[in-house]
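Following: one structure in structure tokens, then a few remarks.
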Amino acid sequence: MFLWLTLLVIAILVIAFLVQSNKKRAAAELADAQAEARRLHERLGGQTMNLLAPGDNLPAGQALADAGERYTATGSQLEQAQSINQYRLAAETAIEGLHYVRAARLAMDLDPGPEIPTMRGQRRTGALTEPVSAEVEGRRYTGSPDPSDENRHYYPGGNVDGRPVPSGWYNTPWWQPALAGAGGALVGMMIFDAMISPAYAMGAVEGGYADGYQDGLADGGDASADGGDGGGDYGGGDFGGGDFGGGGDFGGGFE
């Protein structure tokens, strides 16, 4: 009897120790996620506020405006955040903003600055290497690896409605209505089929999904098989809405 009581006490102590250890670990992870999100938010704010685009540089001005939206969204997310995942969502929004700042700097022929964490799915989508265009429902859509007055909307690369969209400069942010509802999603799919998918097929995209696409064509297999989400350097997901109810959906649609 005494032996059983001893074992019971030991079991209770072990369980209590494990529970306490898990609580401490969870609290530490929460604190780390909060600190990282706030650090990225402050970094984005500093870079956005210290950079001014010339009035005649439309691409740089648009990229900085997009970065400013992400800065505001990150601040709103931080105010609501209570969980590790929510702080990570805020961090992802800030990282997205930093990519827009980087694009603005390049558009102004400035040093791009320090490296930025890669968002989930971004690496696998590749980047435009030559101009592309298509006409959808009477409207012309274009994309280019370089900014211009026509192609002034930057996209850092990512998945839109589950489809890979390469980084580059586009004449309109068509990925935004693709995330807005059924009608917009249909138009986005049409644009992807008319402009983005052919861009992968004809080699107008380099890296990531493009490599798998070309390998698939060379092997005579299903070129889309390698187009899945292979993850990234920053543990993400679809951060447009997440646990914040749509607070950070500005057209990134990253997965």
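Just so you know, these numbers come straight off a predicted model, no measurement behind them.
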Less than 3.5 Å apart, which donor and acceptor atoms pair up between the side chains of residues 101-108 and the rest of the protein, not counting sequence neighbours?
| residue | atom | partner | partner atom | Å |
| --- | --- | --- | --- | --- |
| Arg102 | NH1 | Pro114 | O | 3.3 |
| Arg105 | NE | Asp111 | O | 2.5 |
| Arg105 | NH2 | Asp111 | O | 3.1 |

Determine which pairs satisfy ring-ring contact (aromatic ring centres under 6.0 Å, His included) with at least one residue from residues 40-60, sequence neighbours left out, and list them in order.
-> His41-Tyr71
State whether the number of non-hydrogen atoms from other residues, nucleotides or ligands found under 6.0 Å of Leu110 atom CG is greater than 12.
-> yes
Evaluate whether atom CD of Glu130 has more than 12 neighbouring non-hydrogen atoms of other residues, nucleotides or ligands under 6.0 angstrom away.
-> yes
Mind checking the [atom1]-[atom2] spacing from [X] to [Y]? Nearest 0.5 Å is all I need.
X      : Y      : atom1 : atom2 : result
Tyr87  : Thr74  : OH    : OG1   : 13.0 Å
Tyr100 : Leu64  : OH    : CG    : 12.0 Å
Arg124 : Asn159 : CZ    : CG    : 9.5 Å
Thr93  : Met119 : OG1   : CE    : 9.5 Å
Met190 : Glu137 : CE    : CD    : 4.0 Å
Arg152 : Leu58  : CZ    : CG    : 4.5 Å

Determine, stepwise, if the pair Trp174 / Tyr141 fulfils ring pair (Phe, Tyr, Trp, His ring centres under 6.0 Å).
-> CA-CA 8 Å; Trp174 56 268; Tyr141 295 88; 7.4 Å; no
Consider only side-chain heavy atoms of I, L, V, M, F, W and Y, link residues closer than 4.5 Å, and tell whether Met49 and Ile116 are in one cluster.
-> yes
Is it true that Ile191 and Met202 fall in one hydrophobic cluster, defined by side-chain heavy atoms closer than 4.5 Å?
-> yes
Residues Glu42 and Arg39 bridged, charged N to O under 4.0 Å | no
Is Arg140 salt-bridged to Glu135, cutoff N-O under 4.0 Å?
-> no
Apply the test side-chain contact (heavy atoms from CB on, under 4.5 Å) to residues Ile10 and Val14: give CA-CA distance (whole Å), side-chain angles for both, the deciding distance (0.1 Å), then the verdict.
-> CA-CA 6 Å; Ile10 293 175; Val14 169; 4.3 Å; yes
Does either side chain, that of [X] or that of [Y], offer a donor lying less than 3.5 Å from an acceptor on the other one?
X      : Y      : answer
Arg88  : Asn85  : no
Asn151 : Thr142 : yes
Ser167 : Gln122 : no

Just by distance, do the side chain of Ser144 and the backbone of Pro131 share a donor-acceptor pair under 3.5 Å?
-> no
Between Trp175 and Tyr155, what is the ring plane arrangement, given parallel below 30°, perpendicular above 60°, and tilted in between?
-> tilted
Only counting residues at least two apart or in another chain, list the ones meeting side chain to side chain donor-acceptor pair (under 3.5 Å) with Asp193.
-> Arg163
I would like to know whether Gln80 and Gln86 meet side-chain contact (heavy atoms from CB on, under 4.5 Å); could you show each step before the answer?
-> CA-CA 8 Å; Gln80 302 175 51; Gln86 288 177 328; 5.9 Å; no
